[in-house]
Amino acid sequence: MSYIDPATLQQEAIKLYSELKQKESELKNKERTAIPQQEMPAQDPNKRIKNMSEVTYGYTAEQAYVEAMRCIQCKNAPCVNGCPVGINIPEFVKSIQKGDYQESVDIIKQNSLLPAICGRVCPQEVQCQETCTVGKVLKDKNLSVAIGRLERFVADWEQEHGKQSVPKIKPETGKKVAIVGSGPAGITVAADVRREGHTVVMFEAFHKPGGVIVYGIPEFRMPKRIVDIEMKTLEKMGVEIRTNFLVGRTRKLEDLIEKDGFDAVFVGTGAGLPRFMNIEGENLVGVFSANEYLTRANLMKAYDRQKADTPIFQAKKIAVLGGGNVAMDAARMARRIGAEKVYIVYRRTEVEMPARIEEVAHAKEEGIEFHLLKNAKRILGDDKGCVIGMECISYELGEPDDSGRRRPVIIEGSETVLDVDTVIVAIGNDSNPLIRQTTKDLVTNKWGNIIVDENCKTSIDRIYAGGDIVLGAATVILAMGQGRTAAKSINSLLASR
Amino acid sequence: MNRILEKKQLAENVFKYVVSAPLIAEERKPGQFVIVQVDTNYGERIPLTIADANPQKGTITLIFQVVGKTTHNLAAIKQGESVENILGPLGMPTHIENKGTVVCVGGGIGVAPLHPIAQGFKQAGNKVIIIIGARTKELLIFEDEMKAVADELIICTDDGSYGRKGFVTEPLKELCQQVPKPDLAVAIGPPVMMKFCSETTRPFEILTYVSLNTIMVDGTGMCGGCRVTVGGETKFVCVDGPEFDGHKVDFDNMILRLGAYKEHEKEAHECRLEQLAEKKEEK
């Protein structure tokens with residue numbers, strides 16, 4: 001996939017648009033699957049590495065129509081099964097075919113509260129687009145109907161046209177629910193519980209709400225104005241957001257019920273404890289967790305060196321360890337902050353990379369170099385304790401492991417030194433232990449994730465949990481799905497009391 | 001929220017703020033800290049140890065020294081105004097128990113967070129000997145407060161302008177040589193001072209707590225910027241600390257890591273000086 005400028009993409013789309021419009025109604029399935037998939041228009045890679053603006057522009061109306069026409073409206077709709085929250089995908093795509101965007105977004109919102117966010121960050125290629133019939137027919141899931149791009153298109157349309165309505169709130173019940181954490185899971189629970197007329201207070205440890213979408217995912221991939229709109233909607237609904245409040249320290253979890261009179265609590269604190277490699281040299285100056293690097297850049301706006309007080313390390317050559325979205329975000333952020341060389345070091349191959357295909361493609365376009373089948377063995381420092389290189393060891397792929405991915409096996413004696421002055425560790429997150437440590441009856445598994453039943457209820461009465469604190473580091477859409485389940489449980493608990 | 005009820009300058013560049021923060025005042029225990037941010041949009045988050053708290057009045061006391069841009073901005077806030085963001089109490093509280101004789105050593109503004117800890121050990125029934133030190137007499141803080149707690153108070157200044165001339169490690173060593181030797185030492189102050197206090201007590205095998213103040217962003221365990229090597233293992237100061245066994249802390253690595261943004265800070269400082277100079281010229 002190489003970069004094509006938006007004007008060219010739009011020209012092609014306009015041509016197809018007028019052709020399709022003429023024979024719209026009698027279009028055969030074969031003709032539909034023959035329509036080329038519409039590429040996402042994006043900023044020129046050479047320009048975008050010098051700014052923080054969103055990389056992708058989103059479909060034009062013509063592109064959205066052409067892409068929607070690729071959907072054959074198959075009866076069994078396997079895409080719906082691929083969606084963790086079961087969005088009625090064929091229906092919302094059909095509304096785009098008709099040009100009724102409001103209807104389309106309303107259909108999505110029956111199942112997903114945050115389409116503008118999920119349309120951008122969902123790993124569609126392993127969800128709805130993996131099971132799409134069009135992709136099956138074309139024998140390439142990357143050629144499935146671009147459901148995520150269509151979702152984003154109608155969600156953005158709604159935001160731009162100001163038709164976003166504040167959901168109706170039932171009469172006040174006088175019952176109080178605390179939401180711990182203001183990320184995707186918490187946002188979902190807050191909205192669903194508030195709609196039933198319960199008082200909702202959302203607690204956030206940082207000075208700004210939004211969780212991982214605000215501190216972790218960069219502006220160039222997830223513009224903060226979109227998160228702001230979602231938070232404002234919650235506030236318009238009457239949800240109180242309390243920042244600078246760390247449950248577990250500012251207040252113990254159980255005290256929210258016992259002292260502060262909350263009738264139920266939802267814990268959605270995410271996976272916020274960075275994993276390190278536990279190798280020599282990891283505490284040298286110039287080694288960072290991706291969390292730290294991205295939080296400085298995103299939440300603290302360190303990229304804006306004129307205005308921000310928070311510093312960010314000015315690196316020339318950076319190695320990023322890991323192959324997930326966070327690794328791609330960190331690498332691409334480093335590029336924008338001014339690093340000359342940015343390397344992704346990943347111990348498997350590109351096929352096994354957990355990152356979204358689009359992020360990998362964008363990273364490559366931006367000149368990020370991939371060192372695959374390699375891993376850090378130790379980080380080398382000078383006499384001032386600063387990073388001067390990273391010793392890597394090479395791997396080859398062996399038999400599949402428990403995850404079904406082929407296990408990387410070390411090639412003995414294959415050590416090489418990568419010339420870098422900074423290393424960013426992006427190999428995943430564990431759950432933050434704070435709530436577990438300060439809540440004695442809360443049952444967790446060996447990874448520290450809170451154990452919940454099918455209703456997202458924890459081992460403690462009236463306390464529910466969902467999202468990454470339960471699932472381990474996962475996705476926005478799964479967190480939202482659990483939020484829905486938990487909200488349903490909380491609403492029925494409060495209805496019965 | 002976070003209104004400054006009392007502002008007092010204790011020494012050159014050292015300020016005391018009594019801040020309204022009822023929830024933090026209620027939950028806070030000796031040894032814990034807060035994260036402070038002066039400006040929500042572009043401010044930096046910095047850790048400050050809680051020097052004291054009054055749960056009845058709902059106040060906490062913060063003592064800080066102006067060293068960089070954020071503390072400079074913090075010092076510019078007037079009495080009656082508010083600090084935009086304060087998060088806490090953070091970190092593990094000091095493990096206070098009756099050990100027998102406890103030596104508390106405070107250097108510079110480290111004397112302030114040492115005060116509630118010394119108080120705690122006193123209330124737990126210990127004999128508390130306090131050593132406080134500063135570069136010079138004008139920089140010495142909390143003398144009266146410490147006098148009220150201590151069974152014995154020793155004062156040192158580097159230049160001999162007040163109390164004994166020399167570093168706090170000298171009286172500490174003398175105390176270690178006494179029989180019976182102290183049962184516990186607590187040292188809070190600049191990193192180098194904590195390092196040398198730990199080195200002083202090490203040959204005497206006296207358990208020594210130090211309270212580390214490293215670079216942090218969130219203060220809740222999420223960034224790992226504050227990590228230190230303790231006994232060969234990586235620990236996070238914000239959630240595992242801030243107190244650790246001083247004999248196990250790799251101070252040299254910690255001091256190097258504290259300097260990670262020196263270049264940047266220098267640049268920011270020079271930039272600000274230039275701006276000030278320009279303003280003066282305009283006038």
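Each chain gets a letter, A, B and so on, in the order the sequences are listed, and its residues count up from 1. Any value given below was found using the heavy atoms of this structure, including those in side chains, with hydrogens, waters and symmetry copies removed.
A distance of 4.5 Å separates CD in Q37(B) from CE in M300(A), rounded to the nearest 0.5 Å. Summarising the geometry, atom CD belonging to E292(A) is positioned 11.0 Å from atom CE belonging to M216(B); distances are rounded to the nearest 0.5 Å. Here D260(A) contributes atom CG and L23(B) contributes atom CG; the two are 7.5 Å apart, rounded to the nearest 0.5 Å. With rounding to the nearest 0.5 Å, the separation of OG1 in T243(A) from CG in L87(B) is 9.5 Å. To the nearest 0.5 angstrom, K208(A) atom NZ is 7.5 Å from T40(B) atom OG1. Between atom CG of residue L299(A) and atom CG of residue D218(B) there is a gap of 9.5 Å, rounded to the nearest 0.5 Å.
In this structure, the portions of L273(A) lying under 4.5 Å from any heavy atom of chain B include both its backbone and its side chain. Using a 4.5 Å cut-off between heavy atoms, N283(A) touches chain B through backbone and side chain atoms alike. Both the backbone and the side chain of N85(B) come within contact range of chain A, with heavy atoms under 4.5 Å apart. Neither the backbone nor the side chain of D39(B) comes within less than 4.5 Å of any heavy atom in chain A. Heavy atoms closer than 4.5 Å to chain A are found in both the backbone and the side chain of R257(B). Both the backbone and the side chain of F245(A) come within less than 4.5 Å of a heavy atom of chain B. At a 4.5 Å heavy-atom cutoff, N429(A) makes no contact with chain B through either its backbone or its side chain. Within the 4.5 angstrom heavy-atom criterion, atoms from both the backbone and the side chain of V287(A) approach chain B. With a threshold of 4.5 angstrom between heavy atoms, D255(A) approaches chain B through side-chain atoms but not through N, CA, C or O. Both the backbone and the side chain of T250(A) come within contact range of chain B, each with at least one heavy atom under 4.5 Å from a heavy atom of that chain. In this structure, no portion of L294(A) lies under 4.5 Å from any heavy atom of chain B.
Across all their heavy atoms, R249(A) and L90(B) have their closest contact at CD-CA, 4.0 Å. Between A205(A) and T220(B), the closest heavy-atom pair is CB-CG2, 4.3 Å. The shortest heavy-atom contact between R227(B) and E282(A) is NH2-O, 2.7 Å. A pairwise comparison of heavy atoms in A260(B) and F313(A) identifies O-CE1, 3.6 Å as the closest pair.
Annotation: side chain of S289(A) is not in contact with side chain of M222(B) (no heavy-atom distance under 4.5 Å).
Residue E12(B) places its CD atom among 12 or fewer non-hydrogen atoms of other residues, nucleotides or ligands, all under 6.0 Å distant. For K317(A), the NZ atom sits in a loose shell: 12 or fewer heavy atoms of surrounding residues, nucleotides or ligands are nearer than 6.0 Å. More than 12 heavy-atom neighbours from other residues, nucleotides or ligands sit within 6.0 angstrom of CZ on R275(A). More than 12 heavy atoms of other shown residues, nucleotides or ligands fall within 6.0 angstrom of atom NZ in K252(A). The local environment of CZ in F64(B) is crowded, with over 12 non-hydrogen atoms from other residues, nucleotides or ligands closer than 6.0 Å.
Here E26(B) is the residue among M254(B), Q32(B), E26(B) with the most heavy-atom pairs under 4.5 Å with chain A. Heavy-atom pairs under 4.5 Å with chain A peak, among T70(B), I86(B), I24(B), at I86(B). Between chain A and the options V228(B), T234(B), V239(B), the largest number of non-hydrogen pairs under 4.5 Å is found for T234(B). Taking P274(A), G248(A), P433(A), A271(A) one by one and counting their heavy-atom pairs under 4.5 Å with chain B, the maximum is reached by P274(A). Most heavy-atom pairs under 4.5 Å with chain B, from the set G272(A), C386(A), G270(A), A290(A): that is G272(A).
Ring pair Y261(B)/F288(A) is tilted by interplanar angle, where 30° to 60° counts as tilted.
Of the candidates K69(B), H72(B), R45(B), K69(B) is the only one forming a side-chain hydrogen bond (donor to acceptor under 3.5 Å, both in side chains) with D309(A).
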- Task: Might you work through the salt bridge (Lys or Arg N to Asp or Glu O under 4.0 Å) test for R251(A) and E27(B), ending with a clear yes or no?
- Result: CA-CA 7 Å; R251(A) 259 301 191 236; E27(B) 293 286 332; 3.2 Å; yes
